[in-house]
Amino acid sequence: MSSLSKNLKRLRENQAKMSQREVADLLNIAPHTYGSWENGKTDIKGDYIPKLAEIFDVDIKELYENDKKIKIGNIQKTKNNATNNGFVIILTNPDDVNKISEIIKNAFK
């Protein structure tokens, strides 16, 4: 089970205090679909990541925290007295590159 799956369950039960059905209803998906995400049986379509972060009132990066393959940290750069906020993702598994790229692309549409 991935950290994402574990975090979904933890956030739903401990923070949001919601049932799987309630979260599924907010996402307009079948409860078994959401349940399969929490159980790590199926991957989450990238379009749902920002919605999940909103439901659980967390940053997208918090959905992935504690995943040993994905490291996310904040960085700040200053150039010409301007501040640019961003983040760095270090992937140690090449298969994760395409997956996280899709998630990020969809998150910022």
Side-chain angles (χ1 to χ4, degrees):
M1 184 181 294
S2 73
S3 290
L4 176 58
S5 298
K6 290 177 191 174
N7 286 339
L8 288 177
K9 184 173 183 174
R10 178 185 53 80
L11 290 167
R12 179 184 58 78
E13 291 178 341
N14 300 331
Q15 187 165 321
K17 308 243 188 270
M18 300 172 80
S19 68
Q20 287 183 346
R21 177 176 291 284
E22 290 171 311
V23 175
D25 287 346
L26 290 171
L27 295 169
N28 294 317
I29 61 172
H32 72 272
T33 300
Y34 179 80
S36 68
W37 294 350
E38 267 192 20
N39 294 321
K41 292 180 181 176
T42 58
D43 290 333
I44 301 169
K45 187 176 172 188
D47 296 349
Y48 291 103
I49 299 297
K51 294 174 187 175
L52 287 163
E54 184 179 327
I55 289 169
F56 298 131
D57 194 28
V58 296
D59 290 329
I60 290 173
K61 70 179 184 175
E62 290 181 56
L63 296 174
Y64 293 92
E65 283 185 344
N66 299 323
D67 192 317
K68 293 179 180 154
K69 295 178 190 169
I70 301 173
K71 305 288 184 205
I72 302 175
N74 292 326
I75 60 167
Q76 287 188 325
K77 287 184 180 180
T78 57
K79 185 176 182 180
N80 301 330
N81 298 326
T83 301
N84 298 317
N85 293 316
F87 58 91
V88 174
I89 300 174
I90 301 168
L91 300 170
T92 58
N93 181 344
D95 295 333
D96 292 332
V97 173
N98 290 332
K99 188 173 184 179
I100 197 70
S101 295
E102 273 305 307
I103 291 167
I104 291 170
K105 279 188 237 175
N106 290 324
F108 295 103
K109 280 187 177 179

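Just so we're clear, the structure is a prediction, and the values are computed from it rather than from any experiment.
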Measure from the side-chain N and O atoms of [X] to the backbone N and O of [Y], and report whether any donor-acceptor pair falls under 3.5 Å.
X: Arg21; Y: Pro31; result: no
X: Glu13; Y: Met18; result: no
X: Glu22; Y: Ser19; result: yes

Which value, rounded to the nearest 0.5 Å, describes the distance between [X] atom [atom1] and [Y] atom [atom2]?
X: Lys41; Y: His32; atom1: NZ; atom2: NE2; answer: 11.0 Å
X: Ser3; Y: Arg10; atom1: OG; atom2: CZ; answer: 9.5 Å
X: Glu54; Y: Ile60; atom1: CD; atom2: CD1; answer: 10.5 Å

Do the side chains of [Y] and [X] get nearer than 4.5 Å, heavy atoms only?
X: Asn7; Y: Phe56; result: no
X: Tyr48; Y: Leu27; result: yes
X: Leu11; Y: Leu63; result: yes
X: Ile44; Y: Leu4; result: yes
X: Tyr34; Y: Leu52; result: yes

Atom CG of Asn14: over 12 foreign heavy atoms under 6.0 Å | yes
Whether over 12 other heavy atoms sit under 6.0 Å from Gln15 CD | yes
Residue pair Gly40 / Ser5: nearest heavy atoms and the distance that separates them = CA-OG, 3.3 Å
On a heavy-atom basis, the closest approach of Trp37 and Asp43 is NE1-O, 3.6 Å
Note: Lys61-Asp59 ion pair, threshold 4.0 Å (strictly below) = no
